[in-house]
Amino acid sequence: GAKYGFQLLWLAPFTFPLMAMVQEMCARIGLVTGEGLAGNIKRHYGKKILYFSTLLLFFANTFNLGADLGAMAKASQLVFPNVSFTILILFFTFACLALQIFTTYAKYAKYLKYLALLLLSYVLSAVVLDLDWTQIFKSAATPSVVFSRDQIFMICAILGTTISPYLFFWQTAQEVEEDILKGKITIEARRGANLVEIKRMRADVWSGMFLSNLVMFFIILACAATLHANGITNIESAEQAAMALRPLAGEFAFLLFTLGIVGAGMLAVPILAGSASYAISESFDWDRGFNLKLNQAYAFYGVIIISMFMGLLMNFMNFDSIDMLIYSAVANGIISPFILMLIVSISSDNHIMHGHANGRFTKIIGWLTVGLMLVSSGAVIFSFIV
């Protein structure tokens, strides 16, 4: 929004059905097969492809959670300017670890999600501005791309942060874990799903993705109308990112921004660390799941701890936190198509999906999404070569 104004606003409505369909495929795989994505890849495509996918996921997730930890610490300095970055990032690292190890994600997510919803303040911030809504709707409905290196990079980052590998593994794992909590301990007991379960899952996935992209749309809109309009086209700090909330919150803009970023980060970091741990644990048949205690799943929590500390250390290597967020999204955009191919193949196989395979339309959209992600990641790689 700051860099290109309204030009890339169309990506919010454009990516919504793509990411919703992909997440629905992932949820359906977990719900119907009774196994996570890693288990399905190992069963149907072999260990080599699984290990390659898992390795890509681990490093991309570690980079991403490192960026999130840094962003939370930088945002918090807006409210606590006298507290050092080191103290803040150590606090968030150990707080996230403690929540993951000593309580269940479901318990604290139901409270933290209200902090993340403060990012909806971008919606109100945009609404109170005197904007040309005709131009806005035109930009939202009309794809516009300038084939520059910077814009190709940004589009790949946007695709990578919406259609993202960590969400693929997390979605399937959560469906499996919910069944385990219902007493379905074995794969055989979890296998299969009825139409009521499928419909409930679809409603949950599509409503969640809609809310996500609604916030995305208004963040771009608010930043375009405030920052870009006033010549701020390169966000280099949390302070600049928060300025887009000034029309709504005035002097409280920094507080709103910080609470929203901390809430979103505290929700996202366990998903990033957890999805990598689910994939690795499932690859080696380790006991896994946030429903288990530390002494029941040392390896599962060990992967999370290693990932968290690797992400923490990245923040002391002179990377800018805003740049880290963008580069981690690009990394996700580059590796997504390889894992997405496996997802579309598995969810389209009627033998694997026990009568709940992708329909023709979903299959077409799935492969088009794979193609789009391949073109996007290929363009980024090509832009660095030439």
Side-chain angles (χ1 to χ4, degrees), residues 22-58 61 100 104-106 165-202 204-205 270-271 273-304 338-358 362-363 366:
V22 169
Q23 288 307 118
E24 191 272 341
M25 288 182 206
C26 295
R28 190 157 26 92
I29 288 170
L31 196 62
V32 172
T33 67
E35 286 187 282
L37 184 57
N40 275 285
I41 293 172
K42 181 169 66 173
R43 182 183 294 272
H44 303 291
Y45 295 96
K47 291 183 179 180
K48 289 183 179 179
I49 291 178
L50 173 62
Y51 293 157
F52 176 70
S53 302
T54 302
L55 191 65
L56 290 177
L57 177 75
F58 178 78
N61 280 15
Q100 290 174 85
T104 64
Y105 183 80
Y166 70 88
L167 291 173
F168 306 159
F169 286 88
W170 177 263
Q171 188 80 56
T172 53
Q174 287 303 290
E175 296 296 340
V176 172
E177 194 159 305
E178 281 186 23
D179 275 353
I180 291 173
L181 291 173
K182 294 174 184 176
K184 299 178 181 180
I185 306 300
T186 65
I187 293 174
E188 285 299 323
R190 294 191 297 270
R191 190 165 290 156
N194 57 50
L195 289 176
V196 173
E197 290 172 323
I198 297 287
K199 287 180 180 179
R200 187 184 298 121
M201 172 274 292
R202 282 177 177 153
D204 182 54
V205 167
I271 296 175
S275 60
S277 189
Y278 274 118
I280 292 172
S281 299
E282 202 164 11
S283 299
F284 297 103
D285 292 320
W286 297 336
D287 291 332
R288 58 197 173 272
F290 285 114
N291 59 305
L292 300 177
K293 297 186 183 300
L294 179 62
N295 61 1
Q296 297 174 303
Y298 283 121
F300 174 77
Y301 287 108
V303 173
I304 289 174
F338 302 104
I339 301 172
L340 194 52
M341 288 180 193
L342 300 172
I343 291 168
V344 178
S345 295
I346 290 170
S347 59
S348 296
D349 190 319
N350 208 41
H351 176 71
I352 298 172
M353 296 301 293
H354 306 288
H356 295 287
N358 294 333
T362 302
K363 195 184 300 183

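Just the heavy atoms: all of them, side chains too, but no hydrogens, waters or symmetry mates, feed the values below.
Gln174 CD to Cys26 SG: the interatomic distance, rounded to the nearest 0.5 Å, is 13.0 Å. With values rounded to the nearest 0.5 angstrom, Glu282 atom CD is found 4.5 Å from Arg288 atom CZ. Arg202 CZ to Arg28 CZ: the interatomic distance, rounded to the nearest 0.5 Å, is 5.5 Å. Distance check, rounded to the nearest 0.5 Å: CD of Gln296 to OH of Tyr298 gives 10.0 Å. Ser345 OG to Ile41 CD1: the interatomic distance, rounded to the nearest 0.5 Å, is 10.5 Å. For the atom pair Arg191 CZ and Lys184 NZ, the distance stands at 13.0 Å (nearest 0.5 Å).
Annotation for Leu292 and Ala297: closest pair CD1-CB, 4.0 Å, computed over non-hydrogen atoms. Nearest heavy-atom pair, Tyr301 versus Gly289, reported as atom, atom and distance to 0.1 Å: OH-O, 3.6 Å. Residue Leu50 comes nearest to Ala38 through the heavy atom pair CD1-O, 3.5 Å, listed as atom of the first residue, atom of the second, then distance. Closest approach of Met353 and Ile346 over heavy atoms only: CG-O, 3.4 Å. Summarising the geometry of Ser277 relative to Ile304, their closest heavy-atom pair is CB-CG1, 3.6 Å, with the distance given to 0.1 Å. Of all heavy-atom pairs between Glu175 and Ala27, the closest is CG-O, 3.5 Å.
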Practice task
Take Val22 and Phe168 through the side-chain contact (heavy atoms from CB on, under 4.5 Å) test and state the conclusion after the steps.
Solution key: CA-CA 8 Å; Val22 169; Phe168 306 159; 3.4 Å; yes
Problem - Tyr278 and Phe290: CA distance, side-chain angles, deciding distance, side-chain contact (heavy atoms from CB on, under 4.5 Å) verdict - result: CA-CA 10 Å; Tyr278 274 118; Phe290 285 114; 3.7 Å; yes
Exercise for the section: Report the C-alpha distance between His356 and Leu195 in whole Å, list the side-chain angles of each, state the deciding distance to 0.1 Å, and finish with yes or no for side-chain contact (heavy atoms from CB on, under 4.5 Å). Expected result: CA-CA 9 Å; His356 295 287; Leu195 289 176; 4.2 Å; yes
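Checked options Asn61, Leu37, Ile271, Ile343; the residue passing with Phe169 is Leu37 (criterion: side-chain contact (heavy atoms from CB on, under 4.5 Å)).
Ring pair Tyr51/Phe284 is parallel by interplanar angle, where below 30° counts as parallel and above 60° as perpendicular.
Between the Glu35 side chain and the Ile187 main chain, no donor and acceptor come within less than 3.5 Å of each other. In terms of modelled atom types and a separation under 3.5 Å, the side chain of Asp285 and the main chain of Ser281 share no donor-acceptor contact.
Using a 4.5 Å heavy-atom cutoff, the side chains of Ile280 and Trp286 are in contact. Contact check for Ile180 versus Val176: side-chain heavy atoms found under the 4.5 Å cut-off. Inter-residue side-chain proximity for Asn40 and Leu342 is flagged as unmet; no heavy-atom pair is nearer than 4.5 Å. For the pair Val205 and Gln171, the minimum side-chain heavy-atom distance is below 4.5 Å.
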